[in-house]
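This report refers to the structure that appears directly beneath it.
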Amino acid sequence: MQDYFGYNGKICVVTGSASGMGKAVCEMLVRLGAKVYGLDRNELQIDGMEKFIQCDLSNKQSIDEAFVSLPEKIDSFFGVAGLSGAKTGYWTTFTVNFIANKYITDTYLDKRMENGGSIVYVTSCGGLMWEKWQKEYKKIMKCTSWDEMVKFMKKVSPKDSPIGTMAYTLSKRAMNYYASLKAVEYGQRGIRVNALLPGSTDTGMKQEFEKMAGGQEALLKENGAIGRLATSEEMAMPIVFLNSDMACFVSGLMFIADMGHNAEKVLGFAKNQLDVPAALKLYNTKMFQKFMAKRLG
């Protein structure tokens, strides 16, 4: 039978590999014959994985040390790791969700990927409407180093709030913009870049997202009429698909996997539901928008 996915023997790097979607992606890639390198803060060695590397994505030195241990040629990168912000501060949340991905891509993937390479970032449906709010994050795209990004974000971050959920939507919108930007830039090199925007999923962060949404019932409504959370495996499948040969002409796609909930909102069938989880409401208030506009000029 023909290997339609084309992962056999390919070098694949997965962040957030110890749990949830990242773990499910690693297990699937191993079964497809890939050489899988997993990065995570928490150690978990999956049978058949080429190598696990302990890595803290909020720390530049930790990322640099991890990439010393990775091959000089990388075929596919899966940026799965992410934080809800419910248990982490503004700075850590934004760094893991955005700065780490941009730094890894600009510093390492740019040099280690060749024609035929592929990248998929896991963002969020909480990052929808990214086109509308470009003013909030567009300037950080011009930062060319980790230190520049750190300096910029420390300048614009709210000084009186350690709440990480305020950084969640901002980081996810920024990632959706960045993925689109890199898809255009890398297209001339034959490298594909896409993003998966998951709906509510049953991972280790389930309770955090329930709290952010305003309870279990509210979280379930974010997946449309199906009335249940997705499993990590159900999200791993489209992630793996996007970086596979099956999607060889797909790039710049914001792949929404929410069982039609966004379609419900677009069609007006979910008028009373928030565009973002309830705990993120502050992010979209006039007060916070005014604050960000002042900071970002």
Side-chain angles (χ1 to χ4, degrees), residues 15-22 39-42 55-63 78-105 121-130 133 136-141 143 146-179 195-201 203-214 219 222 274-285 288-289 291-292 295-296:
T15 67
S17 63
S19 62
M21 298 179 205
L39 274 59
D40 204 298
R41 228 179 137 180
N42 303 309
C55 179
D56 178 0
L57 292 178
S58 69
N59 184 290
K60 175 182 177 294
Q61 183 179 344
S62 183
I63 294 173
F78 301 78
V80 184
L83 297 171
S84 72
K87 293 183 178 180
T88 51
Y90 189 101
W91 163 247
T92 302
T93 304
F94 191 85
T95 301
V96 171
N97 290 356
F98 178 78
I99 291 179
N101 279 313
K102 185 177 186 303
Y103 177 72
I104 287 171
T105 306
Y121 306 108
V122 175
T123 64
S124 170
C125 286
L128 288 168
M129 299 188 296
W130 59 273
W133 302 107
E136 296 173 350
Y137 54 75
K138 199 170 181 179
K139 285 186 179 180
I140 197 172
M141 303 298 162
C143 296
W146 179 282
D147 291 340
E148 279 186 42
M149 287 189 281
V150 168
K151 182 179 179 181
F152 178 81
M153 285 311 298
K154 285 189 174 178
K155 177 183 177 183
V156 302
S157 299
K159 300 295 187 295
D160 56 349
S161 177
I163 301 173
T165 51
M166 289 174 66
Y168 179 81
T169 295
L170 178 65
S171 65
K172 297 302 185 177
R173 285 177 179 167
M175 274 309 305
N176 288 335
Y177 178 92
Y178 181 73
L196 181 87
L197 284 61
S200 301
T201 305
T203 68
M205 295 190 291
K206 173 186 172 183
Q207 291 184 335
E208 297 172 36
F209 282 110
E210 282 182 354
K211 185 177 180 180
M212 290 165 65
L219 188 67
E222 292 177 9
L274 293 171
D275 287 327
V276 294
L280 299 178
K281 194 174 181 180
L282 173 63
Y283 180 84
N284 286 315
T285 62
F288 190 67
Q289 295 298 339
F291 166 83
M292 290 302 293
R295 289 286 182 177
L296 303 184

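Cation-pi geometry between Lys154 and Trp91 is met: the NZ or CZ atom falls under 6.0 Å from the ring centre, inside 45° of the normal.
Summarising the geometry of Asn42 relative to Asp40, their closest heavy-atom pair is N-OD1, 2.9 Å, with the distance given to 0.1 Å. The shortest non-hydrogen separation linking Ser124 to Lys172 is CB-CG, 3.7 Å. Shortest non-hydrogen contact noted between Gly16 and Ala81 is N-CB, 3.6 Å.
Counting only distance, with no hydrogens or angles, the side chain of Asn97 and the backbone of Leu83 share a donor-acceptor pair below 3.5 Å. Proximity of a side-chain donor or acceptor of Asn176 to a complementary backbone N or O of Gly127 within less than 3.5 Å is detected.
The line from CH2 of Trp130 to NZ of Lys138 is 10.0 Å long, rounded to the nearest 0.5 Å. Here CE of Met149 is found 5.0 Å from NZ of Lys102. Values are rounded to the nearest 0.5 Å. Between Gln61 atom CD and Cys55 atom SG the span is 11.0 Å, to the nearest 0.5 Å.
Screening Trp146, Phe98, Tyr178 for a ring-ring contact (aromatic ring centres under 6.0 Å, His included) involving Tyr103 leaves a single residue, Trp146. The side chain to side chain contact (heavy atoms under 4.5 Å, CB included) with Ser58 is formed by just one residue from the set Thr93, Thr92, Ile99; it is Thr92. When each of Thr105, Thr15, Asn101 is paired with Tyr121, the side-chain hydrogen bond (donor to acceptor under 3.5 Å, both in side chains) condition holds for Thr105 and for no other.
Two residues are said to be in side-chain contact when any heavy atoms from C-beta on lie closer than 4.5 Å; Leu170 and Met153 meet this criterion. Looking only at side-chain heavy atoms (C-beta outward), Ile63 and Leu39 stay at 4.5 Å or farther from each other. Residues Ile140 and Phe94 have side chains in contact (heavy-atom distance under 4.5 Å, counting atoms from C-beta outward).
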